[in-house]
Amino acid sequence: MTATPHEPAPGAASRCGEDLFATTAADYDRYRPGVPNPAVRLLAAPLLGTPDPVLLDLGTGTGQVPRALLPVVPHMAHLDLVDVNGAMLAQATAGLQPLLGSATLSSFTGEAHTFAPHKAGRVGRAADLVTCCRAFHWMNRPAVLNMADRVTAPHAVVAVMGDGSLWTYESDWTAALRSLIRSYLGERRRAGSRGTYAEPRRSYEDDLAASSFSDVTERRFPIVRAWTPDDVIGYLRSTSFARPALFGDRHQQFEAEALNLLSTHARDGVLEERAVFTVLLAQRPGVSR
């Protein structure tokens with residue numbers, strides 16, 4: 001599992017997150033695919049036998065991971081949500097409130113590797129599960145894993161997961177969509193505030209192997225998604241490679257062309273995506289799963 005977007009310079013992830021997603025929380029919440037049910041069950045498994053478990057979700061966005069886990073782990077004691085973007089955290093907190101039950105929730109606005117848990121009461125308990133979904137590539141990964149080593153219980157599991165994007169998915173309709181985006185923004189995929197993609201320095205597996213959480217297993221879940229053209233347009237607004245600000249005053253024109261293109265490729269109004277959702281589960285060596 002490799003990192004794909006351009007890796008920000010140390011200290012730049014917070015600025016990137018604020019710039020990229022400051023105005024997209026609603027679109028992100030509505031149009032980003034959730035965590036597949038088999039992956040949710042996999043994540044929940046180590047918590048089911050843990051009394052009063054604590055979840056630390058890094059790059060939480062609008063809270064998709066905790067939203068999926070809470071119904072499956074009803075005895076969850078506490079959630080720590082971390083994101084560089086305050087609007088995303090506000091959206092996540094609002095969406096999670098009806099699901100919390102007796103669980104408590106804390107949010108931390110800042111870069112993931114700078115996270116430190118509150119010390120009062122049970123909120124100060126070490127995390128049993130650390131999750132990072134579709135966000136590890138934006139982070140200072142070695143520093144994040146060092147932080148996780150400081151704030152987690154000895155038996156803790158670190159789960160890094162994701163499934164690519166519509167930019168990386170290969171099909172006739174995504175190829176046509178990429179060509180249209182490139183006609184507006186240039187050949188190289190956009191990432192960050194002003195930058196483009198760069199080849200990853202190393203894989204997530206190598207990042208984990210170099211950390212305290214070097215016992216790594218991989219699980220892969222094939223999934224099929226059915227998109228409507230309007231859903232894809234909403235999704236694009238939430239991405240770093242096709243967010244509205246990149247198009248300037250031509251964004252409305254781009255969306256009209258994209259909608260027409262997608263409608264042409266749709267079959268019975270549906271655009272199919274066949275993806276693989278990959279979960280890397282990492283623990284400290286010698287800890288039984």
Side-chain angles (χ1 to χ4, degrees), residues 1-9 12-13 15-33 59 61 84-85 88 133-139 162-204 223-267 269-278:
M1 190 174 182
T2 56
T4 45
H6 175 70
E7 183 174 293
R15 295 191 301 275
C16 285
E18 289 169 0
D19 291 345
L20 291 180
F21 304 115
T23 61
T24 61
D27 287 328
Y28 195 105
D29 191 51
R30 179 176 179 182
Y31 295 109
R32 286 293 179 107
V84 296
N85 187 274
M88 291 283 194
C133 183
R134 305 183 182 116
F136 205 38
H137 51 268
W138 292 115
M139 299 176 185
D163 52 1
S165 70
L166 291 185
W167 181 279
T168 58
Y169 176 58
E170 293 296 339
S171 71
D172 289 345
W173 68 271
T174 53
L177 182 61
R178 281 194 301 272
S179 293
L180 178 63
I181 294 170
R182 284 170 168 150
S183 73
Y184 278 83
L185 303 180
E187 282 298 309
R188 297 190 65 184
R189 176 181 172 178
R190 301 295 289 270
S193 299
R194 293 173 296 277
T196 58
Y197 261 36
E199 289 298 318
R201 293 186 180 92
R202 62 180 182 180
S203 69
Y204 292 169
I223 50 178
V224 179
R225 298 190 182 106
W227 297 83
T228 68
D230 284 328
D231 287 342
V232 174
I233 296 298
Y235 166 88
L236 291 176
R237 294 188 201 116
S238 77
T239 67
S240 64
F241 62 81
R243 59 196 177 93
L246 293 173
F247 296 87
D249 59 9
R250 299 205 301 164
H251 182 248
Q252 187 174 359
Q253 176 185 336
F254 163 74
E255 285 202 342
E257 287 191 54
L259 187 60
N260 181 65
L261 179 153
L262 294 166
S263 298
T264 300
H265 282 268
R267 296 182 178 179
V270 172
L271 298 153
E272 186 179 84
E273 177 197 9
R274 293 181 176 270
V276 176
F277 192 89
T278 302

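FYI, the numbering just counts along the sequence from 1.
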Legend entry - Distance, nearest 0.5 Å, that separates CZ of R30 from OG of S238: 12.0 Å

Legend entry - Check: R274 side chain, V224 main-chain N or O, donor-acceptor pair, under 3.5 Å: no

Inset, instruction - Report yes if the side chains of F277 and P33 come closer than 4.5 Å at any heavy-atom pair, otherwise no. - result: no

Inset, instruction - Please tell me if the side chains of W173 and P229 come closer than 4.5 Å, counting only heavy atoms from C-beta onward. - result: no

Inset, instruction - For residues L185 and F247, determine if any side-chain heavy atom of one lies less than 4.5 Å from a side-chain heavy atom of the other. - result: yes

Can you give each donor-acceptor pair under 3.5 Å made by side-chain atoms of residues 252-260, sequence neighbours left out, with the distance rounded to 0.1 Å?
{"residue": "Q253", "atom": "NE2", "partner": "Y184", "partner atom": "OH", "Å": "3.2"}
{"residue": "Q253", "atom": "NE2", "partner": "E257", "partner atom": "OE2", "Å": "3.4"}
{"residue": "E255", "atom": "OE1", "partner": "R237", "partner atom": "NH2", "Å": "3.3"}
{"residue": "E255", "atom": "OE2", "partner": "R237", "partner atom": "NE", "Å": "2.7"}
{"residue": "E255", "atom": "OE2", "partner": "H251", "partner atom": "NE2", "Å": "3.2"}
{"residue": "E257", "atom": "OE2", "partner": "Y184", "partner atom": "OH", "Å": "2.5"}

Inset, instruction - Could you pull out the closest heavy-atom pair between R134 and D163, with the gap in Å? - result: NE-OD1, 2.8 Å

Legend entry - Donor-acceptor contact present, side-chain R190 to main-chain L246, <3.5 Å: no

Inset, instruction - Check M88 against N85 and note the closest heavy-atom contact, atom names and distance. - result: N-OD1, 2.8 Å

Inset, instruction - Please tell me if the side chains of I181 and W167 come closer than 4.5 Å, counting only heavy atoms from C-beta onward. - result: yes

Legend entry - Gap separating the CG atom of L177 from the CG atom of L166, nearest 0.5 angstrom: 7.5 Å

Legend entry - Side chain to side chain, R189 and T168, heavy atoms closer than 4.5 Å: yes

Inset, instruction - Step through the shown structure and confirm whether more than 12 heavy atoms of other residues, nucleotides or ligands are within 6.0 Å of CZ on R250. - result: yes

Legend entry - Which atom of A275 lies closest to which atom of E273, heavy atoms considered: CB-OE2, 3.7 Å

Inset, instruction - State whether D231 and R225 are salt-bridged, where the test is any N-O pair (Lys NZ or Arg NE/NH1/NH2 against Asp/Glu carboxylate O) under 4.0 Å. - result: no

Legend entry - Backbone of W227 reached by a side-chain donor or acceptor of Y235 within 3.5 Å: no

Legend entry - D27 side, atom CG; I233 side, atom CD1 - distance, nearest 0.5 Å: 11.0 Å

Legend entry - S240 OG to H137 NE2 distance, which is reported to the nearest 0.5 Å: 6.5 Å

Inset, instruction - Check whether any side-chain heavy atom of F241 lies under 4.5 Å from a side-chain heavy atom of L236, and answer yes or no. - result: yes

